[in-house]
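In this text, all values refer to a predicted model and were calculated from it rather than measured experimentally.
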Amino acid sequence: MSSVSTARVLPLPEVMSLLEGVPARKFEPLHIASLLDGVSLEPSSIERYLHFVSGRYTRNLIHRDETFELLALCWDQATCSPIHNHSGQDCWFLVQEGQFCLEGYDLLEGGLEPGVARLKHADSLHRVSHGAVDHRGPLKDIHRVTVSKGNPLAVSIHLYAKPFDHCLVYDLKHECCSRQPLKYFSVEGRLQV
């Protein structure tokens with residue numbers, strides 16, 4: 001996790017140029033984190049990707065190719081993701097607007113396939129805000145994202161390398177996990193529902 005006091009506000013085309021210029025073999029945690037550290041997207045350049053729904057968050061696809069996908073997640077107040085993984089892929093989480101709590105979990109038993117999954121809470125980052133970058137990699141990718149109290153709406157930008165269409169969702173109470181298909185609320189600004 002890193003954060004920088006001075007955010008670089010870049011338009012979406014400039015961020016896309018940065019990412020598309022990275023060879024697939026260089027899509028590794030430290031290199032990408034250094035490119036994105038302190039970056040936020042110019043609000044007007046992502047406006048068409050921002051779709052909010054009361055009581056939930058939405059996944060809005062900005063770009064997808066063989067190497068990476070870029071999404072804008074739009075969060076209503078007090079919403080959270082389920083505890084989930086990233087199917088063995090790297091994820092970089094950039095705070096665009098609002099503040100978040102990020103909770104990490106370790107596997108105690110199972111949890112690599114649907115079925116038994118015992119987890120232990122490992123860490124929490126509170127009030128993660130604008131300009132921060134959080135990385136979750138294949139070895140420690142189980143987490144939950146929650147909008148911090150007092151934030152009416154929030155936006156996060158998610159970069160996944162490589163793209164994936166399913167993840168595992170974990171149920172702490174019943175000590176199990178199941179495969180969840182991932183859907184987009186919008187693709188390149190167009191609603192899918």
Side-chain angles (χ1 to χ4, degrees), residues 1-4 7 28-30 32-33 36-40 52-60 69-161 163-185:
M1 170 76 197
S2 73
S3 66
V4 174
E28 54 86 30
L30 292 178
I32 297 300
L36 298 177
D37 198 20
V39 167
S40 83
F52 292 89
V53 174
S54 179
R56 61 174 278 204
Y57 68 94
T58 63
R59 301 176 76 248
N60 303 283
E69 70 179 329
L70 188 67
L71 291 97
L73 272 65
C74 298
W75 306 77
D76 193 21
Q77 62 184 344
T79 55
C80 67
S81 72
I83 299 171
H84 65 282
N85 74 0
H86 297 125
S87 292
Q89 303 306 316
D90 284 297
C91 170
W92 294 268
F93 173 100
L94 291 78
V95 179
Q96 177 73 19
E97 181 180 331
Q99 295 180 326
F100 296 88
C101 174
L102 308 175
E103 299 171 274
Y105 293 84
D106 290 334
L107 277 175
L108 298 176
E109 179 184 355
L112 299 176
E113 294 292 330
V116 172
R118 288 186 50 242
L119 301 178
K120 172 182 85 167
H121 183 264
D123 58 73
S124 294
L125 299 168
H126 297 280
R127 300 254 173 223
V128 178
S129 59
H130 189 257
V133 177
D134 180 65
H135 171 260
R136 302 289 164 158
L139 299 178
K140 288 198 60 93
D141 69 340
I142 301 172
H143 75 148
R144 173 174 34 210
V145 176
T146 304
V147 176
S148 298
K149 289 181 182 176
N151 287 262
L153 298 174
V155 176
S156 55
I157 304 298
H158 297 244
L159 172 65
Y160 301 110
F164 55 95
D165 297 314
H166 297 85
C167 70
L168 292 175
V169 171
Y170 298 85
D171 181 331
L172 288 177
K173 181 179 178 182
H174 296 101
E175 297 186 335
C176 64
C177 66
S178 59
R179 191 171 312 283
Q180 176 75 41
L182 297 171
K183 298 177 183 174
Y184 303 119
F185 188 78

Residue pair [X] / [Y]: nearest heavy atoms and the distance that separates them:
| X | Y | answer |
| --- | --- | --- |
| G55 | T79 | C-CG2, 3.5 Å |
| Y170 | A117 | CD2-CB, 3.8 Å |
| E69 | Y184 | OE1-OH, 2.5 Å |
| L182 | C167 | CD2-SG, 3.8 Å |
| C80 | T146 | CB-OG1, 3.3 Å |

Residues two or more places apart in sequence or in another chain: which of them pass side chain to side chain donor-acceptor pair (under 3.5 Å) with [X]?
| X | result |
| --- | --- |
| K120 | none |
| R179 | E113 |
| R144 | E103, Y105 |
| D123 | none |

Would you be so kind as to tabulate the donor-acceptor pairs closer than 3.5 Å made by side chains of residues 152-161, with sequence neighbours excluded?
unit_1: S156; atom_1: OG; unit_2: W75; atom_2: NE1; d: 2.9
unit_1: S156; atom_1: OG; unit_2: H158; atom_2: NE2; d: 2.7
unit_1: H158; atom_1: ND1; unit_2: Y160; atom_2: OH; d: 3.4

### Point-to-point distance, once rounded to the nearest 0.5 Å, from CG of L30 to NE2 of H135
8.5 Å
## Note on the structure
To the nearest 0.5 Å, atom CG of L73 lies from atom OG of S81 at 9.0 Å
### Message
If we ignore hydrogens and angles and just use 3.5 Å, is the side chain of S87 paired with the main-chain N or O of H166 as donor and acceptor?
### Response
yes
### Query
Got a donor-acceptor contact below 3.5 angstrom from the H84 side chain to the H143 backbone?
yes
### Message
Test side chain to side chain contact (heavy atoms under 4.5 Å, CB included) on D134 and V128; report intermediate values, then the result.
### Response
CA-CA 9 Å; D134 180 65; V128 178; 5.7 Å; no
Please identify each residue that fulfils side-chain contact (heavy atoms from CB on, under 4.5 Å) with [X], with sequence neighbours left out.
| X | result |
| --- | --- |
| K183 | none |
| E175 | R118 |
| C176 | D171, H174 |
| P138 | D90 |

Does a side-chain heavy-atom distance below 4.5 Å link [X] with [Y]?
| X | Y | answer |
| --- | --- | --- |
| D165 | P163 | no |
| L119 | L107 | yes |
| D141 | C91 | no |
| V147 | Y57 | no |

### Task
Might you work through the side chain to side chain contact (heavy atoms under 4.5 Å, CB included) test for L168 and I142, ending with a clear yes or no?
CA-CA 9 Å; L168 292 175; I142 301 172; over 6 Å; no
For residues 93-102, tabulate all N or O donor-acceptor pairs below 3.5 Å that involve a side-chain atom, not counting sequence neighbours.
unit_1: Q96; atom_1: OE1; unit_2: L41; atom_2: N; d: 2.9
unit_1: Q96; atom_1: NE2; unit_2: L41; atom_2: O; d: 2.6
unit_1: Q99; atom_1: OE1; unit_2: R127; atom_2: NH1; d: 2.7

